[in-house]
Structures are given as structure tokens and as C-alpha cells.
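We name chains A, B, ... by the order of the sequence lines, and we start the count at 1 in each one.
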Protein chains: 2
Amino acid sequence: MLIQTAVRRGSPQGRLPIEGQDDLGGPIDCMGALISHRRKEEIYGEGEPADYLYKVVSGTARTSKVLADGRRQIGGFYVAGDVFGLETGEEHSFSAEAISDCKLIVIKRSALVALAARNHDMARQLWAITSMELRRVEEHILLLIKSARERVATFLLEMAERIPTGNAVELPMSRQDIADYLGLTMETVSRNLTILENAATIELPSSRRIVLRNRSALNRLNA
Amino acid sequence: MLIQTAVRRGSPQGRLPIEGQDDLGGPIDCMGALISHRRKEEIYGEGEPADYLYKVVSGTARTSKVLADGRRQIGGFYVAGDVFGLETGEEHSFSAEAISDCKLIVIKRSALVALAARNHDMARQLWAITSMELRRVEEHILLLIKSARERVATFLLEMAERIPTGNAVELPMSRQDIADYLGLTMETVSRNLTILENAATIELPSSRRIVLRNRSALNRLNA
DNA sequence: CGTGATCTTGAGGGAATTCAATGTCGGTGG
DNA sequence: CCACCGACATTGAATTCCCTCAAGATCACG
């Protein structure tokens with residue numbers, strides 16, 4: 001199947017890139033169809049039936065929610081190996097969009113649920129995915145009570161860990177995306193990146209490329 | 001963690017849990033021991049083995065996490081019918097404390113997981129509990145990006161919904177607890193309650209008792 | 001009644017936002 | 001090729017909102 005053409009990232013073992021989800025690869029990867037989304041395309045909308053879940057093969061996606069007055073919160077960013085869109089309810093509580101051109105494996109939820117009813121291991125995996133997501137969102141809450149400086153530092157460390165390319169990180173998302181993820185304004189994110197740059201903690205060769213020069217300084221801000 | 005002696009085994013027939021979790025009542029209620037915790041007692045600590053999960057019979061509990069510099073985040077409040085402490089990992093990521101004197105049903109996780117391996121319905125329920133918690137935490141994130149006024153208003157509506165006693169709410173938690181839940185200071189919470197009172201949106205017969213006078217005003221702030 | 005814990009209120013300061021202007025980059029067409 | 005354009009990002013100035021610090025007020029309880 002097409003799934004095998006998934007891009008390989010820098011993991012030496014040649015296994016799935018994201019830690020903790022390796023065991024989910026096999027069964028799930030074999031059940032879905034591979035689809036592509038262009039940059040900025042909507043993958044699903046808030047309130048739509050949650051009939052499918054998605055596993056990122058390449059590219060980056062985000063989930064988001066827009067409040068009545070236009071404020072937007074980004075629930076999370078999803079890179080190769082990540083799963084999103086899994087709900088127990090009937091509807092998606094967030095919408096999802098492609099940040100960069102994306103290849104995704106799409107799996108029908110009902111198929112997984114039916115399989116889980118017979119296969120205990122699959123049931124355990126569905127639970128594990130939800131549970132991991134829960135832990136991620138709990139971490140996100142801790143982020144939102146920190147100062148702007150700390151949020152930005154934590155964000156950089158998180159991204160560096162999830163897109164492991166040494167000390168240089170190629171951010172797939174805009175400043176506005178980062179701001180809406182961190183609960184800040186674009187300007188505040190930008191200012192704090194500049195401050196970190198002036199402190200020689202990071203380098204900004206271009207706006208989307210960030211080099212972590214002093215990780216311990218970032219970790220100190222990670223509180 | 002304090003080891004409590006079980007007050008009673010099993011559970012009386014016909015207990016009626018709280019809305020939305022009714023279906024979880026039967027199987028789970030029958031599997032655990034009933035224990036009591038006094039006000040302010042720790043139920044479990046962050047990083048401790050997540051060997052048990054808890055269902056509130058009476059009273060209120062909270063989960064919380066303290067950052068290195070002393071800032072505290074409250075993950076959630078749990079009232080009669082709510083389940084907390086369920087993790088897929090080996091350790092609790094938050095600690096849990098009794099806010100008021102509490103009776104809890106304690107269930108061994110390994111027993112549930114073992115049962116889930118044979119009983120698909122139990123597996124589905126474990127997933128449902130985690131999934132509900134995920135949705136709750138996602139809502140919490142939306143709270144944390146709002147203004148102080150909005151957070152307080154949303155909190156009041158949430159509590160009024162979860163402790164359904166008409167328009168009067170008897171809050172089991174302190175202002176500091178509310179503040180740490182909302183990502184604000186105690187003073188800011190207090191000030192905004194006063195403002196809402198002066199606007200005739202709520203009444204404060206005592207600091208812990210709040211009467212919602214104008215729900216639509218609160219809903220308007222709910223954004 | 002005191003005493004401590006909890007809550008409210010006030011004044012001042014600071015961090016993040018808002019509004020506005022300038023700067024940078026990648027693409028497109030002259 | 002480079003000039004221009006739009007999208008995105010940075011920087012500046014003023015303001016707003018929340019926090020900090022401090023002083024009272026209220027409540028529960030011995």
C-alpha cells in the first residue's frame with residue numbers, strides 16, 4: 001500500500017518518528033487511505049461529524065477553535081507520526097487545517113471502533129491515543145499560565161523536540177499561529193523572540209528558521 | 001499519600017450517579033472500596049504510581065500541579081459522580097486533594113484494565129472517561145485565553161451547571177482555588193465578583209454562596 | 001471575645017495588548 | 001533582471017488590564 005512511501009525523518013532506527021506512537025503504526029497505517037491537503041486547506045470543521053481520524057505522514061496540521069469575537073485558540077500542531085481528530089463524541093470539537101502541504105492517512109472511526117470491539121489490542125491503542133492527547137493538553141494548560149517569555153521558550157523547546165533536526169528548527173507555522181497557540185499576540189511573540197536573540201539564546205537566520213544557541217537558558221525559562 | 005482504611009465494601013444498589021456518567025456507575029461502583037478523606041487531605045501526589053482511580057460519592061476534590069517557583073495550576077474540580085485519577089501512564093501527572101470532606105470509591109486500575117481486556121464494554125467505558133476528561137481540559141484551555149471578567153463568569157456558569165441547586169451556588173473551594181483554576185490571582189477573582197455584584201449580575205450573600213441573578217449577562221461574558 | 005484564616009479593597013507598577021508604522025521576503029509580471 | 005506587490009514579521013508608543021504589595025474587613029472557631 002501507499003503507506004510505505006511515508007517520508008523518513010532523522011530517526012536512526014528507521015522506525016516511526018514520534019516516540020510513544022511507534023506501536024500504533026502497524027495496525028492503523030494499514031487501515032486507511034492516503035490523502036493530500038494543500039497549505040491552508042481545511043481538513044475538517046468544528047461541529048462536523050467525527051467520522052474519521054487522521055495520522056500525519058508528512059507536513060504539519062493544526063487544530064483550532066474560533067470564539068465568537070474572533071479570538072482563535074490553536075489546540076495543537078501535528079507533525080509526521082501524530083494522530084489527530086479522534087473523538088468519542090459524534091462531532092469534532094475543534095476544526096483542523098493543513099499548515100503546510102500535508103499527506104495524511106485517513107481512517108474511518110467506525111472501522112476502528114468495530115475492530116476494537118473484537119480486538120482488545122486495538123481498543124487499548126485507541127485509549128492510548130486519547131490518553132496521550134489528554135496529557136498533551138494538560139501540558140498546554142501549564143503553558144498558558146506562564147509569562148510570555150516562558151511560553152515562547154517552552155514552545156521553542158517543544159518544537160525542537162518534535163522536529164528533531166539538531167539545534168536548528170524550521171517552523172512550519174506563522175507567528176500568528178504561534179501566538180494563538182500560546183495565548184499571546186503576534187507582536188508579543190515577535191518581541192520575545194527578538195529578546196531571546198539579543199540575549200544570544202537563539203538565532204534567527206530567517207523568521208521561520210530558529211537556531212537554539214543556549215538550551216539551558218531556555219530550560220531555565222521552562223520553569 | 002495517606003493510606004485510608006476502607007469504610008465499607010461494595011456499594012449499595014440503586015446509587016444514582018451524576019448526569020452523563022450514569023452508564024459508568026454500575027460496573028465501576030461495584031468494583032471499589034469506599035474511603036473517606038478529610039478536607040485538605042492529599043489523595044495522591046504528582047509522580048506517584050497511578051494504581052487507582054477515584055469516583056466521587058460526596059464532597060469535592062481537586063487535581064493540581066505546583067511549578068518550581070510555587071505557582072499552582074488546578075486541573076479540575078470533581079464533584080459527586082465525577083471520575084479522576086485515570087491515567088494510561090504509570091504515574092499521576094497531577095496531585096489530588098480533598099477540598100471538602102469526601103467519600104470516594106477507589107478502584108484498582110489493574111483490575112479495570114484486566115476486565116477491559118475481556119469485556120469490550122468496560123474497555124469502551126475506560127476510553128469514554130478519558131475522552132470526556134480530554135474534552136473538559138480542552139474547554140479549560142479556551143477559558144485561559146479569556147479576560148478575567150470572562151473567566152470568572154464562565155466559571156460561575158460551569159459551577160452552577162455542575163452543582164445544580166437552582167440559581168444559588170454553594171462553592172466548595174476558596175478564592176485561591178478559583179484563582180489557580182482560572183490562571184488569575186485571588187484578588188482579581190474577588191474584584192471581578194464584586195464588579196458582577198455591583199452590576200446586579202450576581203449576589204454574594206456570603207463569600208462561598210453565590211446567586212446568579214442575570215444569567216444572560218453571564219452568558220454574554222461567556223464569549 | 002480574640003485569633004487566625006479567608007476575603008475584600010486600595011494604590012501603584014509592570015507586562016502584555018492595541019494601534020500604527022516600518023521592514024523583509026517570496027513571488028509575479030513588466 | 002529588478003521592480004512591485006502582498007503577505008508576513010518586526011518595532012515603537014500609548015494604553016489597558018492584571019498583578020503586587022499592603023491594609024482592612026469578615027468569618028469560623030476555640
Within 6.0 angstrom of B:Arg39 CZ, more than 12 heavy atoms from elsewhere: no
Rounded distance in Å - [atom1] ([X]) to [atom2] ([N]):
X        : N      : atom1 : atom2 : result
A:Leu171 : D:dA9  : CG    : C1'   : 13 Å
B:Arg209 : C:dT6  : CZ    : C1'   : 18 Å
A:Glu170 : C:dC25 : CD    : C1'   : 13 Å
B:Arg72  : D:dC19 : CZ    : P     : 15 Å
B:Arg71  : D:dT20 : CZ    : C1'   : 14 Å
A:Leu196 : D:dT11 : CG    : P     : 13 Å
B:Arg175 : C:dT9  : CZ    : P     : 10 Å
A:Asp177 : D:dA9  : CG    : C1'   : 13 Å

May I ask you to list the residues of residues 182-195 of chain A, by number, that have any heavy atom positioned under 4.0 Å from an atom of DNA chain C? A:Gly183, A:Leu184, A:Thr185, A:Glu187, A:Thr188, A:Arg191
Within residues 141-151 of chain B, those residues having any heavy atom closer than 4.0 Å to DNA chain C are none
If the cut-off is 4.0 Å, is A:Lys40 near the phosphate of D:dC8, judged by side-chain N/O to OP1 or OP2? yes
Under 4.0 Å from OP1 or OP2 of C:dC7: is there any side-chain N or O of B:Arg208 that close? yes
Just by distance, with hydrogens left out, do [X] and [Y] show a side-chain donor and acceptor under 3.5 Å apart?
X        : Y        : result
B:Thr194 : B:Asn192 : no
A:Thr201 : A:Asn214 : no
A:Ser93  : A:Glu46  : no

Nucleotide N/O of nucleotides 23-30 of chain D paired with protein N/O under 3.5 Å:
none

Regarding [X] and [Y], does a basic nitrogen lie under 4.0 Å from an acidic carboxylate oxygen?
X        : Y        : answer
B:Arg136 : B:Glu133 : yes
B:Glu90  : B:Arg109 : yes
A:Glu150 : B:Arg71  : yes
B:Asp180 : B:Arg62  : no
A:Glu187 : A:Arg191 : no

State yes or no: are the ring centers of B:Phe84 and B:Phe94 separated by less than 6.0 Å? no
Check: B:Arg215 main-chain N/O paired with B:Asn219 side-chain donor or acceptor under 3.5 Å: yes
